[in-house]
Protein chains: 2
Amino acid sequence: MKKLGYTCGLDAAIDVVGGKWKALILWELHDEPRRFGELRRSVVGISEKMLIQQLREMEHCGLVHREVYYEVPPKVEYSLTEFGQSLNTALLPLGDWGEKHMRTIEAIPRP
Amino acid sequence: MKKLGYTCGLDAAIDVVGGKWKALILWELHDEPRRFGELRRSVVGISEKMLIQQLREMEHCGLVHREVYYEVPPKVEYSLTEFGQSLNTALLPLGDWGEKHMRTIEAIPRP
DNA sequence: CAGCATCCTGTACGATACTG
DNA sequence: CAGTATCGTACAGGATGCTG
């Protein structure tokens with residue numbers, strides 16, 4: 001969410017879902033709502049700071065819905081909006097591509 | 001191209017096509033080979049440094065083929081490999097999604 | 001024309017500790 | 001449990017000038 005005046009659809013999409021974590025979070029939410037703690041565990045390697053930051057941004061873009069249950073202990077559930085679902089669907093082929101070529105990608109020699 | 005040990009296909013795909021420019025370059029190459037100067041003009045806003053850097057990385061990953069014509073003046077053409085084509089295809093739905101929701105995305109208030 | 005070499009900056013991301 | 005608050009760093013990305 002930085003620029004304005006996108007040059008094409010891909011440009012706009014990447015601006016929304018870009019970065020290291022958003023697509024992964026989106027994926028974790030694809031089938032059912034998740035609590036903060038669940039996400040922290042399932043999105044391997046993410047810090048609390050990044051998780052909450054990315055969630056807030058996605059909420060701000062209308063991709064994610066945040067539902068607070070006023071209980072003790074606290075409970076908050078994150079879920080995809082229709083908008084988020086549509087983005088997730090658009091990401092499926094990319095995920096499949098990655099899955100199919102994972103070995104190849106892993107085998108690329110790093111500098 | 002940073003990590004190893006991807007947690008899912010999407011993770012791997014994003015590692016390959018991530019960043020601000022690679023997907024856009026891929027798109028520019030989708031229908032026919034392009035010369036360096038052509039790319040510099042059509043990928044709006046990219047610097048020479050970033051263009052050559054991204055091209056080299058994509059070449060290294062086997063997504064792009066670099067063909068040098070030993071002429072005067074110099075001529076170099078970049079084109080997609082089969083691998084690159086397949087990635088580009090996987091990105092199509094995302095591009096469509098972006099195209100469709102561009103107005104919505106542009107309308108999101110920035111911080 | 002197609003690059004390479006430098007220098008510089010912002011920020012994305014990370015580690016750690018603390019709170020309602 | 002679900003976050004805040006700080007502090008710190010690496011690297012993505014940018015600006016400019018030069019070269020075979």
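So that the names make sense, note that chain A is the first sequence line, chain B the second, and so on, each numbered from 1.
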With axes from five pairs an end, tell me the bend angle of the helix from C:dC1-D:dG20 to C:dG20-D:dC1, nearest 10°.
60°
Is there a donor-acceptor pair closer than 3.5 Å between any side-chain N or O of B:H60 and the backbone N or O of A:P109?
yes
Distance under 4.0 Å to a non-hydrogen atom of chain B counts as contact; along DNA chain C, which nucleotides mark the start and end?
C:dC1 to C:dC7
Roughly how far apart are A:L24 CG and B:D11 CG, rounded to 0.5 Å?
5.0 Å
Could you pull out all residues at least two apart from B:W97 that satisfy ring-ring contact (aromatic ring centres under 6.0 Å, His included)?
A:F83, B:H101
With sugar-phosphate taken as primed atoms, P, OP1 and OP2 and all else as base, the protein-contact string of nucleotides 9-20 of chain D at under 4.0 Å (heavy atoms; B, S, -) is ---SBBB-B--B
Can you list everything that forms a side chain to side chain donor-acceptor pair (under 3.5 Å) with A:T81? Sequence neighbours excluded, please.
none
Residue-level proximity of residues 29-41 of chain B to DNA chain C when a heavy atom falls under 4.0 Å
B:R35, B:F36, B:G37
According to salt bridge (Lys or Arg N to Asp or Glu O under 4.0 Å), who are the partners of B:E32, at least two apart in sequence or on a separate chain?
B:R34
Residues two or more places apart in sequence or in another chain: which of them pass ring-ring contact (aromatic ring centres under 6.0 Å, His included) with B:Y6?
none
Could you tell me whether B:Y69 contacts a base, only the sugar-phosphate backbone, or nothing, with contacts defined as non-hydrogen atoms closer than 4.0 Å?
nothing
For B:E71, give me all partners under side chain to side chain donor-acceptor pair (under 3.5 Å), at least two apart in sequence or on another chain.
none
Could you tell me which residues satisfy salt bridge (Lys or Arg N to Asp or Glu O under 4.0 Å) with B:E106, sequence neighbours excluded, listed by chain and number?
none
With a 4.5 Å limit on heavy-atom distance, are the side chains of B:I14 and A:K20 in contact?
no
Give a yes or no on whether A:K100 atom NZ has more than 12 heavy-atom contacts from other residues, nucleotides or ligands under 6.0 Å away.
no
Partners meeting salt bridge (Lys or Arg N to Asp or Glu O under 4.0 Å) with A:E48 (sequence neighbours left out)
A:R40
Side chain to side chain donor-acceptor pair (under 3.5 Å) involving B:K22 - partner list, sequence neighbours excluded:
B:Q54, B:E57
